[in-house]
Number of protein chains: 2
Amino acid sequence: MQSIAPELAELAGLIADPGRASILSRLMDGRAQTASELALVAGVTPQTASWHLARLAERALLKVERRGPRRFYRLATPLVAQMLEGMMTVAAIDPRPSRPPPRIDAEMRRARTCYDHLAGELGVAVTDAMRRHDHLNLDQEGGELTASGRAFLGDLGIDLHAPARSRRVLCRPCLDWSEQRLHLAGRAGAAIADLALQRDWIRRRPQGRSVEITAAGLVAFRDLFGARI
Amino acid sequence: MQSIAPELAELAGLIADPGRASILSRLMDGRAQTASELALVAGVTPQTASWHLARLAERALLKVERRGPRRFYRLATPLVAQMLEGMMTVAAIDPRPSRPPPRIDAEMRRARTCYDHLAGELGVAVTDAMRRHDHLNLDQEGGELTASGRAFLGDLGIDLHAPARSRRVLCRPCLDWSEQRLHLAGRAGAAIADLALQRDWIRRRPQGRSVEITAAGLVAFRDLFGARI
DNA sequence: TGAACATTTCGATCATGATCGAAGCGTTAC
DNA sequence: GTAACGCTTCGATCATGATCGAAATGTTCA
């Protein structure tokens, strides 16, 4: 019985090292990072990181981009991000009573980006608020924006028309691994995150994937979205 | 920066062994299998398989059920299946020119179940047919059944009302790793697979996840669904 | 109780791959 | 051209875990 099991094992092997897992996790915000930065994140020397990065890039999990003497690495495709998302969801659930639940950095839990949309308490709060106001229906396997939701986002200046070539869907649930709750992903989720960055409601922290909610952001999320945060 | 990277690596490590990957892949049809059967699939001795199974069960990727002297193993939750689905999708894409594309068993490619819905050529053909007949809209991140689609499935005797407790969505895309195309998953996908099994359009093969399309099935999929298969 | 069978546990062996020091390569800036 | 810097390649070492034979456990059935 030929199956993809060997390829599955090989792929998993690439993620099975703590250093490489840290690197992939760090790149989950969709941005590119230098090899040095990723070595720091992985907690290994540059040589070792280089070896890890080469393996990930060879298997096309990462894309590399040379800018001067530096090399920037990023996730190769959104498909890779989506796969990691699914793995993190399972990774965050560990029912072994002996094991303490993974201690997640407070900033990370509070607010972060998940590839292109909001996650953490903020992501879940915004999603919940939109559901409460009947802007959104969302469940485990799918979601849709209501007419009122479209109007709401339209009023915020979000253009929901898909780029001509994109067949990407508007709403998609993403299981938040730190909150164990659903948050909004898909084109709508990405648009909200873009808007928040653009209006300085959130700011990316220099390192890590977590984002800082600005004072203006707190007001905006509470007053405009009705988020309980 | 505390993150789930260590848990992610540990989880990946569990899948990173060819034997365990074979076992997980085998269980992707959602059914339970005995330890002996899984040892065969993994190509290892029963002792070794037992060791693998214990690790997978300890981490709650598998559930074990004792029936007499046998132990039946199955995937612990649909979440695990969904994670594996995402990994297989990436595993099936290997752009390294040196590597030959994974040779997938012809039966497996033709028709199989993916946890609870149809996959392979059959799954894609049925999905395509439903899209052609405007029964279904489906893209990378979501999907919906049209009014005509609901009527179509209703006429086939499929009850699309969700069980009271279930918030499971009707339509979800699932990227078929052997066909590199989308097929239908979610409650609707599962209902179609159930119907096909019930009406003997497909039969599960004793081993492996592939299914056999019966003569009646070929007629049904072609005439009722309009599938090009 | 004892025989048959499925599965697990134990113990020893062996292979894979993660690691870092040292050295090499490429790009940029002066 | 040459120095500085980021990154990679090479080589040697070391730890982890996959494997199976042998033996133990547990379940069913007579």
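Letters go in sequence order (proteins before strands), and every chain restarts at 1. What you see is a predicted model; the values in this text were computed from it and never measured. Atoms considered below: every heavy atom in the structure, side chains included; atoms not considered: hydrogens, waters and symmetry mates.
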Phosphate oxygens OP1/OP2 of [N]: is one of them under 4.0 Å from a side-chain N or O of [X]?
X: A:T48; N: C:dC20; answer: yes
X: B:R55; N: D:dA18; answer: yes
X: B:S50; N: C:dT8; answer: yes
X: A:H52; N: C:dT19; answer: yes
X: B:R70; N: D:dT27; answer: no

If you only use heavy atoms from C-beta on, which nucleotide in C:dG21, C:dA18, D:dT8 is closest to the side chain of A:R20?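 Side chain of A:R20 sits closest to C:dA18.
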Carboxylate-amine/guanidinium contact B:R172 B:E85, below 4.0 Å: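 Salt bridge flag = yes for B:E85 with B:R172.
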So, A:R67 and A:E65, do they make that salt bridge, N to O below 4.0 Å?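 Answer for the salt bridge query: yes.
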Which comes earlier along DNA chain C counting from the 5' end, the contact point of B:A54 or that of A:G68, where each point is its nearest nucleotide?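 Nearest nucleotide further toward 5': that of B:A54.
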First encountered from the 5' end of DNA chain C, between A:P69 and A:W51: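 Nearest nucleotide further toward 5': that of A:W51.
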Taking everything shown except B:R70 itself, do over 12 heavy atoms lie less than 6.0 Å from its CZ?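 Counting other residues, nucleotides and ligands, CZ of B:R70 stays at 12 neighbours or fewer.
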Base, sugar-phosphate or nothing for A:R67? Non-hydrogen atoms, less than 4.0 Å.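 Nothing: the residue A:R67, judged by heavy atoms under 4.0 Å, touches no strand.
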Give one of base, sugar-phosphate or nothing for A:Y73, where a contact means two heavy atoms less than 4.0 Å apart.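 Counting heavy atoms under 4.0 Å across all strands, the contact made by A:Y73 is with sugar-phosphate only.
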